[in-house]
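Report on one structure; see the data block that follows.
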Amino acid sequence: MAIYKCPCGYEYDPAKGDPDNGIAPGTAFADLPADWVCPTCGLDKDTFTEE
């Protein structure tokens, strides 16, 4: 699975998810809720790039 990077430097790794914000490990980036935002800076997921 690819890693997705926010302009602020935060990286979303689907294998790890975002458990602090209710996103289980194994959750694909495409399956994140529409209202999910970067936990570091608050930008929406449209600003992330695939690494």
- Message: Rounded at 0.5 Å granularity, tell me how far CG in Leu32 sits from CG in Asp35.
- Response: 10.0 Å
- In terms of ring plane angle, is the pair Tyr12 and Phe29 parallel, tilted or perpendicular, where the classes change at 30° and 60°? tilted
- To the nearest 0.5 angstrom, please state how far the SG atom of Cys6 sits from the CD atom of Glu11. 10.5 Å
- Message: Counting C-beta onward and ignoring hydrogens, is there a side-chain heavy-atom pair between Cys8 and Leu43 closer than 4.5 Å?
- Response: no
- Task: Answer with yes or no whether the hydrophobic clustering places Tyr10 together with Tyr4; edges join I, L, V, M, F, W, Y residues whose side-chain heavy atoms lie under 4.5 Å apart.
- Result: yes
- Task: Only counting residues at least two apart or in another chain, list the ones meeting side-chain hydrogen bond (donor to acceptor under 3.5 Å, both in side chains) with Asn21.
- Result: Asp18
- CG-CD distance between Asp13 and Glu51, expressed to the nearest 0.5 angstrom: 12.0 Å
